[in-house]
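These notes are about the structure you will find just below.
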Amino acid sequence: MLDSKYVRTNPEEVADKLKKRGYTLDIESIKALEERRRGIQSSTEALQQERNARSKGIGQAKAKGEDIAPLLAEVENLKAQLTDAEAALTEVQSELDAVLAGVPNIPAEEVPDGLSEEDNVEIRRWGEPRAFDFDVKDHVEIGAQLGGLDFEVATKLTGARFAVMRGDIARLHRALIQFMLDVHQNEHGYEEVYVPFIVNKDSLYGTGQLPKFEEDLFKLNDDRDFYLIPTAEVPVTNLLRDEILDAKANLPMKLVCHTPCFRSEAGSHGRDTRGMIRQHQFEKVELVQFVRPEQSDAALDSLLDNAEAILKKLELPFRTVILCGGDIGFSAAKTYDIEVWIPSQAKYREISSCSSFRDFQARRMKARFRNPETNKVELLHTLNGSGLAIGRTLLAVLENYQQADGSVKVPTVLQPYLGGKTQLG
RNA sequence: GGAAGGGUGGCAGAGUGGUCGAAUGCACCGGUCUUGAAAACCGGCGAUGUGCGAGCAUCCGUGGGUUCAAAUCCCACCCCUUCCGCCA
């Protein structure tokens, strides 16, 4: 959420900055609501002040043993007025909150203009896509040939967009998870955390999935309003919801977390229907950082480095793009996508998305710290990024490491996790 | 699932319906002392909203209710602890 004071004192400026996203801020309705709020709030507070003063007077009179009956008569209709005023205030405030809760984050200065994926700007490439001297297969074919990657049986078990892995492929999948967790802990200074895969509405509101994007989520049939997590970002970031870290807290706080992710993919019908690019359930190793505001730009760069490091170690070619205004997510101020080379598509495809949310999520969550210099409470900045999406990494390994005979070499760094195996099949 | 107790400031922990936004301790910030640090002592120190500001308002798990007045009384819900039962 944006700072409401900033939005209502500079609505034109905010609207202008949001244009980069292709978002139109309804300045007029915000101004009108704000004006109503101001009036109702001040009259309500005046009534409250009077009630408080009178009540105090009654208490004092009573303590002195005076007759309070006339005083009671004076306040008779105050109560009804207050009830009405408070109800009106609650209503206008929740209307205003609802409007503000639906306004996306302001893109960072350096975010390029543009309204779609086409306008994202490549900032670097690493590695050289391999030249194959045979016809490349896609991971579905490779998996079928090796045995152990089965989409059809998953359809029987559940439906479309699920996979079953067995044997070496299941083990390779698990190896990727262990490998990434180890690297981020041992080399990048993240602390591992394990969290619930089911969260409540408050958590989803905190990170910005609710109220606007409910259709992307799997909701449990349970009267407690529980949802399956779409990413570890939700539980991990919400660890600090409603918290004030004390002055000596050691920031930045860097956490790494492996979870499954569940996405309804509503609105993606027909897209990436083959293989494991786009599944309802996939594993992901997520990096989350909580930092002091002045550190957040540097933190995003380092988080991006940490994610790229995994691809470098796996020797998978990739490119990194900065998303344009029209393509960044609702809560993000700035996002880099890392795209890995997919031989069967002869394209780079997203494998990680690293974002800075600045204080947008922190404000929704009330995630704060006490600044030791000023001794004042300030909002933290939050960041996160995939480090990496496991299903897509598995896919990339299978395709990039495939051999003419249908076998697949095991990347050097993963061999220890596979009992020393150097190839599958 | 049954029984009992409890949710109060960054933490711990008081609080007969009426100057209680809340004692006290710890932590934190400033200072005195000290070569320096520690200790000791003195002072300060909740959050949010609103206003230039003095201030005013709101907040004691959440939501309702009673009352002129609620941290305090009533109801519902959530969560925690202990005991019993069940259980991976």
Side-chain angles (χ1 to χ4, degrees), chain A residues 1-10 30-31 33-101 194-206 210 220 222-227 235 238-251 253 290 292 359 362-380:
Chain A
M1 189 149 79
L2 298 174
D3 180 3
S4 66
K5 190 188 283 185
Y6 174 55
V7 175
R8 55 178 197 259
T9 50
N10 307 283
I30 288 177
K31 277 182 168 170
L33 272 173
E34 172 56 16
E35 191 142 334
R36 266 178 59 211
R37 195 223 90 227
R38 196 190 303 262
I40 294 171
Q41 182 166 333
S42 70
S43 59
T44 304
E45 288 185 1
L47 284 168
Q48 287 170 327
Q49 184 179 353
E50 181 166 356
R51 176 207 56 200
N52 291 347
R54 299 247 184 191
S55 292
K56 195 174 279 186
I58 291 171
Q60 284 164 351
K62 202 175 170 190
K64 287 185 211 151
E66 294 169 5
D67 179 17
I68 59 169
L71 294 176
L72 289 180
E74 284 176 34
V75 293
E76 222 175 70
N77 56 5
L78 199 57
K79 198 176 162 184
Q81 283 179 39
L82 235 183
T83 307
D84 291 349
E86 283 175 343
L89 183 59
T90 306
E91 197 196 314
V92 71
Q93 254 163 358
S94 55
E95 266 182 74
L96 205 48
D97 285 349
V99 171
L100 287 171
Y194 172 87
V195 294
F197 305 155
I198 295 172
V199 292
N200 60 30
K201 279 193 149 168
D202 289 344
S203 295
L204 287 158
Y205 177 85
L210 290 181
L220 298 190
D222 180 287
D223 56 14
R224 285 172 292 189
D225 285 329
F226 284 166
Y227 296 79
N238 276 280
L239 287 170
L240 293 191
R241 170 152 53 84
D242 291 321
E243 299 287 339
I244 300 176
L245 297 184
D246 73 15
K248 66 171 187 235
N250 39 353
L251 291 168
M253 185 184 290
F290 301 94
R292 294 177 56 153
D359 61 12
R363 185 172 293 106
R364 289 177 157 241
M365 289 195 300
K366 299 190 180 67
R368 296 158 293 173
F369 73 106
R370 192 173 296 279
N371 187 329
E373 279 94 67
T374 60
N375 221 27
K376 293 288 182 196
V377 173
E378 294 180 32
L379 292 170
L380 287 162

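Chain A is the first sequence line, chain B the second, and so forth, proteins listed ahead of strands; every chain is numbered from 1. The shown structure was predicted, so the numbers you read here are calculated from the model rather than taken from an experiment.
- As rounded to the nearest Å, B:G51 and B:A38 have P atoms that lie 43 Å from one another.
- The separation of B:U66 from B:A70, taken at their P atoms, amounts to 11 Å, rounded to a whole angstrom.
- The side chain of A:Asn375 lies closest to B:C29 when the candidates are B:C68, B:C29, B:U58.
- For A:Ile58, whose side chain is taken as the heavy atoms from C-beta onward, the closest listed nucleotide among B:A57, B:C68, B:A47 is B:C68.
- Look at B:A3: its Watson-Crick or wobble partner, with both distances under 3.5 angstrom, is B:U82.
- Atom-to-atom, CG of A:Asn77 to P of B:U67 comes out at 16 Å; the value is rounded to the nearest Å.
- The separation of B:G18 from B:G13, taken at their P atoms, amounts to 25 Å, rounded to a whole angstrom.
- Applying the Watson-Crick and G-U wobble criteria (two distances, each under 3.5 Å), B:G18 pairs with B:C68.
- Proximity of A:Arg370 to the phosphate of B:A47: a side-chain N or O atom is located under 4.0 Å from OP1 or OP2.
- For A:Asn52 and B:A57, the shortest distance from a side-chain N or O to OP1 or OP2 is below 4.0 Å.
- The side chain of A:Ser55 approaches B:C68 more closely than any other nucleotide in the set B:A57, B:G44, B:C68.
- Here B:U58 presents its C1' atom at 15 Å from CG of A:Leu47, a figure rounded to the nearest Å.
- The same atom, C1', is picked in B:C41 and in B:C33; the two are 9 Å apart, to the nearest Å.
- Within the shown strands, B:C26 is the pairing partner of B:G10 under the Watson-Crick or G-U definition, both distances less than 3.5 Å.
- Here B:A54 sits opposite no nucleotide as a Watson-Crick or G-U wobble pair (both hydrogen-bonding atom distances under 3.5 Å).
- Side-chain N or O atoms of A:Arg370 include one that pairs as donor or acceptor with a backbone N or O of A:Asn375 at under 3.5 Å.
- Using N1 to N3 plus N6-O4 or O6-N4 for Watson-Crick, or N1-O2 and O6-N3 for G-U wobble, each under 3.5 Å, B:U32 pairs with B:A40.
- The nearest whole Å value for the distance from the NZ atom in A:Lys56 to the C1' atom in B:A57 is 13 Å.
- Side-chain polar atoms of A:Gln41 and A:Glu45 form a donor-acceptor pair below 3.5 angstrom.
- When atom types are taken as modelled, the side chain of A:Arg363 and the backbone of A:Met1 share a donor-acceptor pair closer than 3.5 angstrom.
- Note: CD (A:Gln48) to P (B:A69) measures 12 Å, nearest angstrom.
- In terms of modelled atom types and a separation under 3.5 Å, the side chain of A:Arg364 and the main chain of A:Ala101 share a donor-acceptor contact.
- The residue A:Glu74 sits apart from the nucleic acid: no heavy atom pair falls under 4.0 Å.
- At the heavy-atom level, A:Arg37 lies under 4.0 Å from the strands shown only through sugar-phosphate atoms.
- As judged by a 4.0 angstrom heavy-atom cut-off over every strand, A:Arg51 is placed among residues touching the sugar-phosphate backbone only.
- Across all strands shown, B:C59 pairs with B:G46; the Watson-Crick or G-U wobble distances both stay below 3.5 Å.
- Taking atom CG of residue A:Asp97 and atom C1' of nucleotide B:G49, one finds them 12 Å apart after rounding to whole Å.
- The P atoms of B:C77 and B:A3 are separated by 13 Å, rounded to the nearest whole Å.
- For the pair A:Leu245 CG and B:G10 P, the computed distance is 11 Å after rounding to whole Å.
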### Trace of the side chain to side chain contact (heavy atoms under 4.5 Å, CB included) decision for A:Glu243 with A:Lys366
CA-CA 7 Å; A:Glu243 299 287 339; A:Lys366 299 190 180 67; over 6 Å; no
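- Taking atom P in both B:U58 and B:G6, one finds a spacing of 28 Å when rounded to whole Å.
- Only the P atoms considered, B:G61 is 14 Å distant from B:A12, to the nearest whole Å.
- Using a cut-off of 4.0 Å between Lys/Arg side-chain N and Asp/Glu carboxylate O, A:Arg38 and A:Glu34 are scored as salt-bridged.
- Without hydrogens or angle criteria, A:Ser55 side chain to A:Asn52 main chain gives no donor-acceptor distance under 3.5 Å.
- Residue A:Lys366 contributes atom NZ, which lies 13 Å from atom P of B:G10 at whole-angstrom precision.
- Considering only side-chain atoms of A:Ile244, the nucleotide from B:C29, B:G10, B:C68 that sits closest is B:G10.
- In the model, A:Ser203 has a side-chain atom that pairs as donor or acceptor with a side-chain atom of A:Asn200 under 3.5 Å.
- Straight-line distance between the C1' atoms of B:G46 and B:C79: roughly 23 Å, to the nearest whole Å.
- For A:Lys62 and A:Glu50, each mapped to the nucleotide of RNA chain B holding its nearest heavy atom, the one lying further toward the 5' end belongs to A:Lys62.
- Of the candidates B:U19, B:G51, B:A47, the closest approach to any side-chain atom of A:Arg38 belongs to B:G51.
- Mapping A:Lys79 and A:Arg224 onto RNA chain B via the closest heavy atom, the residue that lands nearer the 5' end is A:Lys79.
- Straight-line distance from the CD atom of A:Glu86 to the C1' atom of B:G65: 14 Å, rounded to whole Å.
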